Amino acid sequence: MTPRLRFAPSPTGYLHVGGARTALFNWLYARRHGGTFVLRIEDTDTQRSSDDMVSGILDGLRWLGIDWDEGPEVGGPHAPYFQSQRLDRYRAAVSDLVSRGCAYEDDGAIRFRVPQGTTTFHDEVHGPISFDNAHLESFVILRSDGHPTYHLSVVVDDIDMGITHVVRGDDHISNTPKHVLLFEAFGATPPRFAHVPLIMGADKKRLSKRHGATSVLEYERQGYLPDALFNFLALLGWGTGTDDELLSREELVQRFTLDGISGGNAVFNTDKLDWFNHQYLLKLSDDALVAHLRPFLIEAGLWRDAFHSTDHAWLVQVLALLRPRAQRLTEFATQFRPFCVAPTEYDTEGVRKHLSASDSAAHITALAACVTASAWNVETLERDLRALAEARGIKAAVLIHAARLAVTGRMVSPGLFDMLVLIGRNAVVTRLQRLARQLPLPVAPSAAAHE
RNA sequence: GUCCCCGUCGUCCAGAGGCCCAGGACGUGGCCCUUUCAAGGCUAAAACACGGGUUCGAAUCCCGUCGGGGACGCCA
């Protein structure tokens, strides 16, 4: 029997990293064993569910590269995959239970009759877990408005859809005995359960809307690569048993096992996510990088269609300089700006440090003349600048720092000479001359630094 | 309060009785490189919650304590 797994989000909120990671584990297991991954929308709470949330969840999964074999938009043999469209099925199941005395009416709602005894199930990550049924109240399975509750609908659907493995959050452990009892009441064999630990915020508090439980699509906006987030999430609460960490989807699929899931909660560590992202950024092909970067450059007003044609080679060279110093795509856009446009303002700290000497203007003017005459390549530019510094009796660093400020307006950039070559002689000379004319620049009162 | 789960460096993951005076990664400190910031190289600090057992031997098994998390809805 090939395994069938499902991810069953409720569209009462967006897809955050916790849900995404649960979906990912289900997906990994299904792919590992040639099984089927089902997406089912649990929208029985009509008040709080919304279509926007549904499409947001689908978009989030697609962005992460988690595809589903059955579910919304793709259909499947057990359609519909929205619980709100399966109400008749639940009502029929409930009356079946009532007719057999397994459930009873209570003020218009239907409650399940919990038998005495102990309910035990084997959890793939925790081992055997048992509950005294005395702690399970006769829970409601059909509300007085005719809508099923979660407990009823999950079980009915998991039976109908032939789900063999239920991989879900730890917070469902205490619901599981209720579900096991329902499976038994319906004469069905319960699926295998695997409860995965929850993801916590940096403060070790459970992720909530107020606590970093942002939509995974927000990570896209913040400049993370889907493969990086995927890799990072896969290793949160699960380990391969080896020291390997940078693993492709294929490798992750190949190595995934339920018993590799750890039992304790895991803290979401943004620093490590950034590191993963950096690693994936470095591995990206030039074309893939450009494709990922495009929306960010458009947003920054720096995109040119020529990047696909005449300026492509130039773009690739610039990106090569930026890659090692960017963790996220958003930083690329920021660092990319000086390669396209002249600075409109100069870092005040930088001005104070590198442009406030009485002879700064003279140095810059001399430098402008120097680069105007220099051959336009990294080696010559550096040699000529150093020669100029020596002739003027100053350290090369003085000219280098001043030049960086003049050309980028900032104190931080890629190596000066590599950068100058790509920015181009005309733009460089223009920027140097313009700054020389503006010097001395007003320096903010140093009191500002003490605030 | 009751029930359930969990407890190895700050964080994530290794470790399933001797291979561990505990390994890798992120982060942090130092050094090197250096025109800035990164990247890179080298290096350092950093953990088996505590107390009892079991055993020749325990991070690994058992019990208790403490701590963390979760669930106790006509939410999912």
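In what follows, chains carry the letters A, B, and so on, assigned in the order in which the sequence lines appear, proteins first and then strands, with residues in each chain numbered from 1. Not measured: the values here are computed from a predicted model.
Residue A:R48 is in base contact, counting any heavy-atom pair closer than 4.0 Å across all strands shown. Among the protein residues, A:A266 comes within range of the sugar-phosphate backbone only, with heavy atoms under 4.0 Å from sugar or phosphate atoms but none that close to a base. As judged by a 4.0 angstrom heavy-atom cut-off over every strand, A:T240 is placed among residues making no nucleic acid contact. Looking at heavy-atom distances under 4.0 Å, A:N269 makes contact with a base. No engagement by A:F268 is indicated, since no non-hydrogen atom pair under 4.0 Å with the nucleic acid exists. Using a 4.0 Å heavy-atom cutoff across all strands shown, A:D274 reaches no nucleic acid atom at all. When heavy atoms are screened at a 4.0 angstrom cut-off, A:H147 is found touching no nucleic acid atom at all. When heavy atoms are screened at a 4.0 angstrom cut-off, A:K204 is found touching the sugar-phosphate backbone but no base atom. Backbone-only engagement by A:G260 is indicated by non-hydrogen atom pairs under 4.0 Å involving sugar-phosphate atoms exclusively. Contacts of A:G415 with the nucleic acid, taken as non-hydrogen atoms under 4.0 Å apart, include base atoms. When heavy atoms are screened at a 4.0 angstrom cut-off, A:E245 is found touching base atoms of the nucleic acid. Within the 4.0 angstrom heavy-atom criterion, no nucleotide atom of any strand lies near A:D123.
B:A14 and B:G51: their C1' atoms are spaced 27 Å apart (whole Å). When the C1' atom is used for both B:G15 and B:A22, the distance is 8 Å, rounded to whole Å. For the P atoms, the distance from B:C21 to B:A58 is 12 Å, rounded to whole Å. Using C1' as the reference atom, B:U60 and B:C20 are 11 Å apart when rounded to the nearest Å. For B:G23 and B:A47, the P atoms lie 11 Å apart once the distance is rounded to whole Å. The separation of B:G73 from B:C61, taken at their P atoms, amounts to 34 Å, rounded to a whole angstrom. For the P atom pair drawn from B:C56 and B:A71, the interatomic distance equals 45 Å after rounding to whole Å. If you take atom P in B:G41 and the same atom in B:G27, they sit 12 Å apart, rounded to whole Å.
Rounded to whole angstrom, the span from the OH atom of A:Y90 across to the C1' atom of B:A76 amounts to 13 Å. The NZ atom of A:K272 sits 15 Å away from the P atom of B:G10 (whole-angstrom rounding). Across the protein-nucleic acid pair, A:H179 atom NE2 and B:A76 atom C1' stand 9 Å apart, rounded to whole Å. Put simply, CG on A:N231 is 13 Å from C1' on B:C26, counting in whole angstrom units. Here B:U11 presents its P atom at 17 Å from CG of A:L235, a figure rounded to the nearest Å. Between the CG atom of A:L252 and the P atom of B:C13 there is a distance of 14 Å, rounded to whole Å. For the pair A:R325 CZ and B:U34 P, the interatomic distance rounds to 15 Å; values are reported in whole Å.
Between A:R168 and the phosphate of B:A76, there is no side-chain N or O to OP1/OP2 separation shorter than 4.0 Å. Phosphate proximity of B:A76 to A:T44: present, with a side-chain N or O under 4.0 Å from OP1 or OP2. Distances shown here put a side-chain N or O of A:K205 below 4.0 Å from the OP1 or OP2 atom of B:G69.
Ring orientation note: the planes of A:F230 and A:W27 are nearly perpendicular, at an angle over 60° on the 30°/60° scale. Classified by interplanar angle (parallel below 30°, tilted 30° to 60°, perpendicular above 60°), the ring pair A:F121/A:F131 is parallel. Note on ring orientation: taking the six-membered ring where Trp is involved, the planes of A:F339 and A:W314 are perpendicular (angle over 60°, cut-offs 30° and 60°). Using bins of under 30°, 30° to 60° and over 60° for the plane-to-plane angle, the ring pair A:H151/A:F139 lands in the perpendicular bin.
Each of A:H126 and A:Q83 was matched to the nucleotide of RNA chain B holding its nearest heavy atom; the match closer to the 5' end belongs to A:H126. Comparing A:N265 and A:W238 along RNA chain B, the residue whose closest nucleotide (by nearest heavy atom) sits nearer the 5' end is A:W238.
Salt bridge status for A:K272 with A:E245: present, with a side-chain N to carboxylate O gap under 4.0 Å. The pair A:K283-A:D227 does not count as a salt bridge, with every side-chain nitrogen at least 4.0 angstrom from each carboxylate oxygen. Salt bridge annotation for A:E251-A:R255: absent, with no cationic side-chain nitrogen under 4.0 angstrom from a carboxylate oxygen.
One donor-acceptor pair, N or O on each side, does fall under 3.5 Å between the base of B:C74 and the side chain of A:S144.
Nearest to the side chain of A:V267, among B:C5, B:C12, B:A76, sits B:C12. Among the nucleotides B:G27, B:A39, B:C74, the one closest to any side-chain atom of A:D271 is B:G27. Side-chain proximity of A:A397 to B:U35, B:A76, B:G70: nearest is B:U35. Residue A:R206 has its side chain nearest to B:G70 when only B:U36, B:G70, B:A25 are considered. With B:C4, B:C12, B:U35 as the candidates, the nucleotide lying closest to the side chain of A:I129 is B:C4. Among B:A76, B:C74, B:G69, the nucleotide with an atom closest to any side-chain atom of A:M200 is B:G69. Which of B:C74, B:C26, B:U36 sits closest to the side chain of A:T149 comes down to B:C74. Nearest to the side chain of A:H135, among B:C3, B:U36, B:C12, sits B:C3. Listed candidates were B:G24, B:G70, B:U35. Nearest to the side chain of A:D243 is B:G24. Proximity note for A:H151 (side chain, C-beta onward) versus B:C37, B:A76, B:U35: the nearest is B:A76.
Between the side chains of A:Y90 and A:D157, at least one donor N or O lies within less than 3.5 Å of an accepting N or O.
For the atom pair A:D158 CG and A:R4 CZ, the distance stands at 10.5 Å (nearest 0.5 Å).
Between the side chain of A:N265 and the backbone N or O of A:M200, no donor-acceptor pair lies under 3.5 Å.
Judged by Watson-Crick or G-U wobble contacts below 3.5 Å, the nucleotide B:C42 has B:G30 as its partner.
Using a 4.5 Å cut-off on side-chain heavy atoms (C-beta onward), A:L273 and A:F268 make contact.
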Short N/O separations, protein against nucleotides 63-65 of chain B, under 3.5 angstrom:
none

